[in-house]
Structure formats: structure tokens, C-alpha cells
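All of these numbers come straight from a predicted model, not from anything done at the bench. These numbers come from the heavy atoms of this one structure, side chains and all, not from hydrogens, waters or symmetry mates.
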Amino acid sequence: MTGETYALRGTAHPECLEELHELVGRAGKEHPEVPDLDFMLLETAVIEVAGNVVEHAAATNTVTFAFELRVLSDALDVRIDDDGPEFVGDLRVGMPGELEESGRGLPMASSVLDEFTYTRDGSLNRWCLRRAVSV
Amino acid sequence: MTEIQMKLEDGVAVLACEGRLNMVSAPRLKSAIEKAVDEGGTKVIVDLAETTFIDSSGLGTLIAGLKRARQAGGDLRVACCGDQAVAVLCLTNLDRILRPYPTITAARSDW
């Protein structure tokens with residue numbers, strides 16, 4: 001059944017990433033009509049964005065987040081809101097050099113998404129991720 | 001919980017990483033690679049057969065391990081990659097320096 005929503009709210013800490021893995025995995029199992037590849041690559045992007053939120057949360061006070069995944073007939077839509085510090089990077093940054101040990105997360109997310117936006121809305125960071133379902 | 005097991009034989013260290021290789025578990029793999037190299041296993045094979053997911057932290061750890069092994073005169077290879085591991089290696093162009101070997105035997109073959 002498409003149009004279904006999978007949601008999770010919590011505090012941004014490394015362990016919450018496991019919960020996100022489980023949630024996206026459950027959505028994939030419950031939607032066999034969506035190719036496994038699409039859920040696999042969406043999960044890859046989600047974990048990179050959420051990991052970014054967790055990483056920046058580590059340097060501040062408690063950061064809370066709200067995650068929502070909607071399984072649509074033609075796309076997988078994700079919104080992540082968090083009240084952490086404003087993101088000041090560039091979503092379109094390129095892949096770092098081969099021997100760099102960091103800096104691949106957001107370029108990797110960007111490369112598997114059809115839409116990827118970030119906006120600062122008052123005290124909230126709003127991340128929107130969309131992957132069109134393969135045909 | 002990600003489990004990492006090491007087997008050291010003839011200077012080749014095979015590190016089997018079970019579970020998700022992410023920002024939580026990546027530091028454990030990094031320590032395990034350093035320990036293997038320090039103990040003489042400068043040729044490192046990371047066995048990803050039971051690794052269900054790799055994020056950019058995990059990739060960073062593989063690069064750190066590759067550099068550590070090369071500094072010691074060895075190298076690092078990845079073997080038995082699942083679909084997601086192959087996908088992230090290709091997306092990041094790291095398959096050029098971390099070419100996925102189909103089996104542990106293949107990874108050991110020309111060392």
C-alpha cells in the first residue's frame with residue numbers, strides 16, 4: 001500500500017541511527033512493490049544526513065529530530081527536521097580526494113537522490129530527500 | 001552490535017566485520033586494523049561478507065586502514081562485498097583503490 005508513513009522522533013545520538021536503519025528496513029519489507037535498490041540507496045542517503053545531524057549535535061546541547069518517510073507510488077519521500085545548529089556546508093560539494101578519510105557523506109547522499117534540499121526555518125533545520133522509484 | 005574478528009596468518013590479517021559499519025562501529029574496525037598491522041599483519045583483508053551496511057564513516061575507516069597498512073609496507077583489500085558495499089564504493093569512486101575481491105582466496109591470491 002503506497003502513501004504509508006513511517007515516523008520516528010527522538011534525540012540525535014549515534015544509537016538513533018540504528019533505529020532509522022530498522023525503520024527504513026521495515027518500510028522496505030512492507031513494500032515489496034518498490035525495488036530493493038531504491039530502499040537500499042535511500043537508506044544510504046538517510047543515514048548520511050542523520051549522521052551529519054548527530055555529528056553536529058555532539059558539539060552542542062541536546063538536539064531533537066523528527067524523521068518521516070512516505071512511500072509514494074512513484075517516489076520515496078523523506079523529511080528530517082532537527083533543532084541543532086544551522087548547517088553551513090554545501091549540499092553540492094564534490095567528492096573528496098581518494099585518500100581523504102572524511103567528506104563523502106553528503107556527496108554520496110546527493111548522488112542517489114533526485115531531490116535533496118536543506119532550509120533553515122527559524123530554529124529548525126529541514127532536510128528533504130526524494131528518490132524516484134525505479135521503473 | 002557490530003562484531004569484528006581477526007585471523008592472522010603468514011602476515012595476512014583477515015578482519016571479518018559483522019553487522020553495520022557506521023559511525024558507531026567504525027572506530028572499532030580502525031582499532032582492529034591498527035592492532036593487526038602492529039602485530040605484523042601488514043597485508044589486511046577486510047571481509048565484508050557479513051557486513052550489512054557501510055556509511056561514509058566506514059569508508060573513511062577503510063581508507064585510514066589502507067594508509068596505515070601501506071605505511072607499514074603492506075596494503076588493504078576488501079572482499080566478499082554485498083550489494084550496498086559495492087554501491088557505496090562505486091558511488092564514491094573508491095572502487096579504484098579498494099577494488100572489491102569476490103572471495104578471501106582471490107584477495108590473497110596475488111600477494
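- With a 4.5 angstrom heavy-atom cutoff, B:Leu62 does not touch chain A via any of its atoms.
- Ring planes of A:Tyr118 and A:Phe87: perpendicular class, angle over 60° (limits at 30 and 60°).
- If you measure heavy-atom distances from A:Leu17 to chain B, the contacts under 4.5 Å come from the side chain alone.
- Both the backbone and the side chain of A:Glu98 come within contact range of chain B, with heavy atoms under 4.5 Å apart.
- For the pair B:Arg68 and B:Asp38, the salt-bridge criterion is met [side-chain N within less than 4.0 Å of a carboxylate O].
- Comparing B:Ala87, B:Ser56, B:Gly60 by heavy-atom pairs within less than 4.5 Å of chain A, the highest count is held by B:Ser56.
- Contacts with chain B were tallied for A:Glu15, A:Met95, A:Glu55; A:Met95 has the most, counting heavy-atom pairs under 4.5 Å.
- Interface remark: B:Leu91 contributes backbone and side-chain atoms alike to the contact with chain A (heavy atom separation under 4.5 Å).
- In this structure a side-chain-to-backbone donor-acceptor pair under 3.5 Å is present from A:Asn125 to A:Gly84.
- In terms of heavy-atom proximity, B:Arg77 sits nearest to B:Ala107 at NH1-O, 2.6 Å.
- Using a 4.5 Å cut-off between heavy atoms, A:Leu106 makes no contact with chain B at all.
- Both the backbone and the side chain of A:Thr44 come within contact range of chain B, judged by heavy atoms closer than 4.5 Å.
- Between B:Leu76 and B:Gly65, the shortest heavy-atom contact is CD1-C, 3.7 Å.
- Checking side-chain atoms of B:Ser25 against main-chain N and O of B:Arg20 turns up a donor-acceptor pair under 3.5 Å.
- Shortest non-hydrogen contact noted between A:Arg26 and A:Tyr6 is NH1-CE2, 3.8 Å.
- At a 4.5 Å heavy-atom cutoff, the contact between A:Ile47 and chain B is made by side-chain atoms alone.
- Minimum heavy-atom separation, B:Cys81 to B:Pro100: SG-CB, 3.7 Å.
- Residue contact with chain A, scored on non-hydrogen atoms closer than 4.5 Å, involves the backbone and the side chain of B:Asp55 alike.
- Looking at A:Glu43, the atoms closer than 4.5 Å to chain B (heavy atoms on both sides) sit in the backbone and in the side chain alike.
- Both the backbone and the side chain of B:Ala64 come within contact range of chain A, with heavy atoms under 4.5 Å apart.
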